[in-house]
Amino acid sequence: IDVKEDIILEFKLGERGELFAKNGFPERIIIERLIEKNLNEIEIRDLKNVMPLDNQTIGESIKFFDLKGFAKKIDSKIKINEGISKILERKFDDELFADFLLKKGCVTEKELLETNIDLKNALNLEKNRKDIFHFKERKKIFVALTDIGKHILKDGIELKVDLTTSLTSD
């Protein structure tokens with residue numbers, strides 16, 4: 001008997017990830033709203049006036065402004081980077097990954113390899129933000145009869161169900 005084990009990584013959206021995939025990531029929405037209001041900079045304390053968010057999400061968004069090149073934190077202000085319209089034209093790997101998971105539900109690492117999404121980068125971007133992506137390992141075990149095993153069965157020997165016991169007692 002041949003036994004083969006495969007470990008498969010499966011990914012799905014967390015609750016916040018689903019919310020972000022449906023409505024947009026907050027750092028992108030904040031920057032887009034600032035642009036709509038013709039604001040190139042804003043006091044951090046005034047960000048709640050642009051988009052009503054909890055302090056945790058605002059804090060996370062400020063970190064992502066810099067990571068994604070949207071804006072810089074200078075003292076107590078956020079200043080939008082020049083060329084922001086060009087930067088906003090593309091989606092980042094975490095956003096692409098969230099969109100993909102929203103469409104597909106639960107996906108395997110193999111399915112992701114068939115996309116242009118950089119999984120490592122997407123997970124790295126979101127490593128400090130909770131409940132965006134969830135993953136789990138699934139183990140698949142394949143059992144197959146070898147050619148020798150088929151030959152033995154062909155000769156009329158009965159296959160015992162409990163192989164471990166039968167192999168050690170005979």
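One-based numbering along the sequence shown.
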Asks: Stepwise, does the side-chain contact (heavy atoms from CB on, under 4.5 Å) test hold for K86 with E89?
Replies: CA-CA 5 Å; K86 188 77 172 161; E89 286 177 7; 3.7 Å; yes

Asks: Looking at the rings of F133 and F97, which for Trp means the six-membered one, are their centres under 6.0 Å apart?
Replies: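 That pair passes the under 6.0 Å test.
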
Asks: Are the side chains of F20 and I132 in touch, meaning some heavy atoms are under 4.5 Å apart?
Replies: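 Side-chain contact under 4.5 Å: yes.
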
Asks: If you round to the nearest 0.5 Å, how far is SG of C106 from CZ of F135?
Replies: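 Rounded to the nearest 0.5 Å, the CZ-SG separation comes out at 12.5 Å.
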
Asks: Once you round to the nearest 0.5 Å, how far does CG of L53 lie from CD1 of I29?
Replies: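 Interatomic distance, L53 CG to I29 CD1, rounded to 0.5 Å: 8.0 Å.
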
Asks: Identify the heavy atoms of G69 and I87 that sit nearest to each other, and give their distance.
Replies: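 The answer is O-CD1, 3.1 Å.
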
Asks: Nearest 0.5 Å please: distance from the CD atom of E32 over to the OG atom of S85.
Replies: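 So the CD of E32 and the OG of S85 are separated by 11.5 Å.
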
Asks: Following the transitive rule for hydrophobic clusters with a side-chain heavy-atom cut-off under 4.5 Å over Ile, Leu, Val, Met, Phe, Trp and Tyr, establish whether I141 and I7 coincide in one cluster.
Replies: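 No, it is not one cluster - the side chains of I141 and I7 are not joined through contacts under 4.5 Å.
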
Asks: Do E95 and R28 sit within salt-bridge range, that is, some charged N less than 4.0 Å from a carboxylate O?
Replies: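 The answer is yes: the pair qualifies as a salt bridge.
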
Asks: Between F64 and F25, is there a shared hydrophobic cluster once you connect ILVMFWY residues whose side-chain heavy atoms come closer than 4.5 Å?
Replies: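 No, F64 does not connect to F25 through the hydrophobic network.
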
Asks: Do I42 and L47 have side-chain heavy atoms sitting under 4.5 Å apart?
Replies: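 Side chain of I42 against side chain of L47, heavy atoms only: contact under 4.5 Å found.
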
Asks: I35 and L88: side-chain contact (heavy atoms from CB on, under 4.5 Å), yes or no, with the steps?
Replies: CA-CA 11 Å; I35 291 169; L88 288 172; 3.6 Å; yes

Asks: Can a salt bridge be assigned to the pair E60 and K63 using a cut-off of 4.0 Å between side-chain N and carboxylate O?
Replies: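 The answer is no: the pair does not qualify as a salt bridge.
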
Asks: Minimum heavy-atom separation for N121 and D93, please, with both atom names.
Replies: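 Scanning both residues completely, I find the closest heavy atoms to be ND2-OD2, 2.8 Å.
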
Asks: Are more than 12 heavy atoms from other residues, nucleotides or ligands located less than 6.0 Å from atom CG of N116?
Replies: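 No - once you tally the heavy atoms of other residues, nucleotides and ligands closer than 6.0 Å, there are 12 at most.
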
Asks: Is there a side-chain contact between K140 and I8 in this structure, where contact means two heavy atoms from C-beta onward sitting under 4.5 Å apart?
Replies: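 Answer yes - side chains close enough.
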
Asks: One thing to verify: whether K91 and D99 come together as a salt bridge, which I'm taking to mean a side-chain N less than 4.0 angstrom from a carboxylate O.
Replies: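 So D99 pairs with K91 through a salt bridge.
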
Asks: Would you call K73 and D66 a salt bridge, taking side-chain N to carboxylate O under 4.0 Å as the test?
Replies: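 Salt bridge flag = no for D66 with K73.
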
Asks: Quick one, F100 and L112 - any side-chain contact, counting heavy atoms below 4.5 Å?
Replies: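 Counting from C-beta outward, F100 and L112 do come under 4.5 Å.
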
Asks: Keeping to residues at least two apart or across chains, list the salt bridge (charged side-chain N to carboxylate O under 4.0 Å, His left out) pairs with something in residues 115-136.
Replies: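 Checked against salt bridge (charged side-chain N to carboxylate O under 4.0 Å, His left out) - neighbours excluded - the pairs reaching residues 115-136 are E27-R129, E126-R129.
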
Asks: Heavy atoms, side chains only, cut-off 4.5 Å: are E109 and L119 in contact?
Replies: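 A side-chain contact under 4.5 Å exists here.
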
Asks: Evaluate the side-chain proximity of N55 to K48: yes if any heavy-atom separation is below 4.5 Å, no if none is.
Replies: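 A side-chain contact exists here, since the closest heavy-atom pair is under 4.5 Å.
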
Asks: Is it the case that one hydrophobic cluster holds both I84 and I44, taking links as side-chain heavy atoms less than 4.5 Å apart, direct or via other members?
Replies: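 Same cluster: I84 reaches I44 through Ile, Leu, Val, Met, Phe, Trp or Tyr contacts under 4.5 Å.
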
Asks: Working to the nearest 0.5 angstrom, can you tell me the gap between I30 CD1 and S61 OG?
Replies: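 Here the rounded value is 4.0 Å.
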
Asks: Are I74 and L34 co-members of a hydrophobic cluster defined by side-chain heavy atoms under 4.5 Å apart?
Replies: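 Hydrophobic grouping puts L34 apart from I74.
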
Asks: Answer yes or no for K79 and F65: cation-pi contact, defined as NZ/CZ to six-membered ring centre under 6.0 Å and angle to ring axis within 45°.
Replies: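 Not satisfied by the 6.0 Å and 45° rule.
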
Asks: Is it true that, when you exclude E41 itself, more than 12 heavy atoms of the residues, nucleotides or ligands shown sit nearer than 6.0 Å to its CD?
Replies: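 Yes.
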
Asks: Mark yes or no: R90 above the aromatic ring of F92, with NZ or CZ under 6.0 Å from the six-membered ring centre and no more than 45 degrees from the axis.
Replies: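 Yes, a cation-pi geometry holds between R90 and F92.
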
Asks: Going by side-chain hydrogen bond (donor to acceptor under 3.5 Å, both in side chains), T108 matches just one of K110, E111, K104. Which one?
Replies: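 Running side-chain hydrogen bond (donor to acceptor under 3.5 Å, both in side chains) over K110, E111, K104 with T108 returns exactly one hit, E111.
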
Asks: Rounded to the nearest 0.5 Å, how far does CG of L96 lie from CG of L101?
Replies: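 One finds 11.0 Å between CG of L101 and CG of L96.
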
Asks: Closer than 3.5 angstrom, by distance alone: can the side chain of D54 be matched with the main-chain N or O of Q56 as a donor-acceptor pair?
Replies: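 Looks like yes, one N/O pair under 3.5 Å.
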
Asks: When rounded to the nearest 0.5 angstrom, what is the spacing between CD1 in I78 and CG in N40?
Replies: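 If I round to the nearest 0.5 Å, the distance is 13.0 Å.
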
Asks: Heavy atoms, side chains only, cut-off 4.5 Å: are N81 and K72 in contact?
Replies: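 Heavy-atom side-chain distance check passes, below 4.5 Å.
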
Asks: Could you walk me through whether E18 and L102 pass the side-chain contact (heavy atoms from CB on, under 4.5 Å) test, one step at a time?
Replies: CA-CA 7 Å; E18 188 171 338; L102 185 64; 4.0 Å; yes

Asks: Do the side chains of E43 and N49 get nearer than 4.5 Å, heavy atoms only?
Replies: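 SC-SC contact between N49 and E43 ruled out.
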
Asks: Do you know the tightest heavy-atom contact between P26 and T57?
Replies: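 Result for this residue pair: CG-CG2, 3.7 Å.
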
